[in-house]
Amino acid sequence: MRIATWNVNSIRARLPHVLPWLARVRPDVLCLQEIKCQDEQFPREEIEALGYAIETHGQKSYNGVALLSLLPLSDVARGMAGEPSETGARVIAGTVGDVRVVNAYVVNGQEVGHAKYALKLGWLSVLAQLLRAEVAAHPKLVLTGDFNVTFDDRDISEPEKWRDRILCSTPEREALAAVMSAGLTDVFRHFEPAGGHYTWWDFYTRGFQRGQGLRIDHFLASPAALAASRAVTIDVDARRGEKPSDHAPVLLTIE
DNA sequence: ATGGTCGCGGAGCGA
């Protein structure tokens with residue numbers, strides 16, 4: 001089975017990229033973040049025509065996540081118990097075969113010290129609690145999505161520029177580590193010790209054209225899911241072309 | 001280069 005994750009930065013704006021990509025790559029599951037629409041605005045017909053079942057957790061204008069699957073999806077859950085109301089729609093989970101898939105769009109945090117930064121750390125602590133329960137209920141679990149957190153300097157093209165800044169600060173990494181303490185492993189890093197692999201490049205600074213990116217979109221696997229994992233690949237080519245997302249899709253191959 | 005880009009929604013916010 002192949003599970004993909006992609007922050008599309010608006011599913012409606014990104015259909016010209018997402019539809020051909022789905023038709024060509026055909027992952028069994030695609031986890032979407034930042035669909036930026038309400039459930040009834042989601043372009044269902046075009047995606048269903050490719051054979052995908054769709055589960056959405058949307059909101060107006062901002063955030064929003066969805067699960068697309070060629071295989072039957074069961075036990076779909078939206079949001080998190082204890083989640084602050086102001087953070088919006090950021091989590092959707094479902095079971096595909098024997099794999100529990102949790103799709104998360106982590107709060108960005110704006111900048112270190114900002115009120116939204118405190119909200120990010122708090123939101124991650126709620127995610128850590130959710131994962132503890134989810135892993136206990138589903139031993140073969142994958143947590144994926146846009147984490148808006150790097151693990152270390154290998155995930156940053158210019159580590160000195162980003163030192164202690166948003167997406168790279170120690171408190172954020174500690175909050176992510178608390179999520180990982182449910183027993184999760186960063187599957188990409190498990191297979192690839194070398195740095196220089198990124199999943200997001202800033203529009204504002206034309207990061208992609210300048211080769212400046214961060215690795216913030218992850219696949220985190222429970223022990224049983226890690227043992228079944230075979231590869232994680234970043235589809236950098238999908239970041240090219242006309243009006244791309246600022247993120248590339250990432251794919252996990254798991255048995 | 002204290003600039004520079006996107007998307008939503010129709011001004012300013014969020015990333």
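Note that these values count all heavy atoms, side chains included, but never hydrogens, waters or copies made by symmetry. The chains referred to below are lettered A, B, ... by the order of the sequence lines, with proteins before strands, and numbering in each begins at 1.
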Whole-Å distance separating the [atom1] atom of [X] from the [atom2] atom of [N]:
X	N	atom1	atom2	answer
A:L119	B:dA15	CG	C1'	15 Å
A:E34	B:dG7	CD	P	11 Å
A:N63	B:dA15	CG	P	6 Å
A:Q41	B:dC8	CD	C1'	10 Å
A:D202	B:dA15	CG	P	13 Å
A:I11	B:dG7	CD1	C1'	13 Å
A:R12	B:dC6	CZ	P	19 Å
A:E86	B:dG14	CD	P	12 Å

*Hydrophobic cluster partners of A:L119 (side-chain heavy atoms under 4.5 Å)*: none
For [X], what residues pass the side chain to side chain donor-acceptor pair (under 3.5 Å) criterion, not counting sequence neighbours?
X	result
A:Y105	A:E34
A:E158	A:K161, A:Q212
A:W162	none

*Which residue pairs pass the salt bridge (charged side-chain N to carboxylate O under 4.0 Å, His left out) test when at least one of the two sits in residues 183-195 of chain A, sequence neighbours left out?*
A:D155-A:R189, A:D186-A:R215
*Any donor and acceptor pair, going by atom type alone, linking the side chain of A:E83 with main-chain N or O of A:M80 inside 3.5 Å?*
yes
*So does A:K60 get a side-chain nitrogen or oxygen closer than 4.0 Å to the phosphate oxygens (OP1/OP2) of B:dG9?*
yes
*List for me each residue that meets side-chain contact (heavy atoms from CB on, under 4.5 Å) alongside A:A53, sequence neighbours excluded, and say none if there are none.*
none
*Excluding sequence neighbours, so at least two apart, what forms side-chain contact (heavy atoms from CB on, under 4.5 Å) with A:R173?*
A:V149, A:T150, A:I156, A:C168
List, with names and distances, any nitrogen or oxygen atoms from the protein found under 3.5 Å away from nitrogen or oxygen atoms belonging to nucleotides 1-4 of chain B.
from, atom 1, to, atom 2, distance (Å)
B:dG4, N7, A:Y204, OH, 2.2

*asked:* Between B:dG4 and B:dG9, how far apart are the two P atoms, rounded to whole Å?
replied: 25 Å
*Write down the distance separating the C1' atoms in B:dG7 and B:dA11, rounded off to the nearest Å.*
14 Å
*Want to settle it: does A:K36 or A:W200 sit nearer the 5' end of DNA chain B, counting the closest nucleotide to each?*
A:K36
*Is A:E111 salt-bridged to A:R165, cutoff N-O under 4.0 Å?*
no
Which protein N or O atoms sit under 3.5 Å from an N or O of nucleotides 11-13 of chain B?
from, atom 1, to, atom 2, distance (Å)
B:dC13, O2, A:Y62, OH, 3.2

*Just call it for A:Y105: base, sugar-phosphate, or nothing, with non-hydrogen atoms closer than 4.0 Å on any strand.*
sugar-phosphate
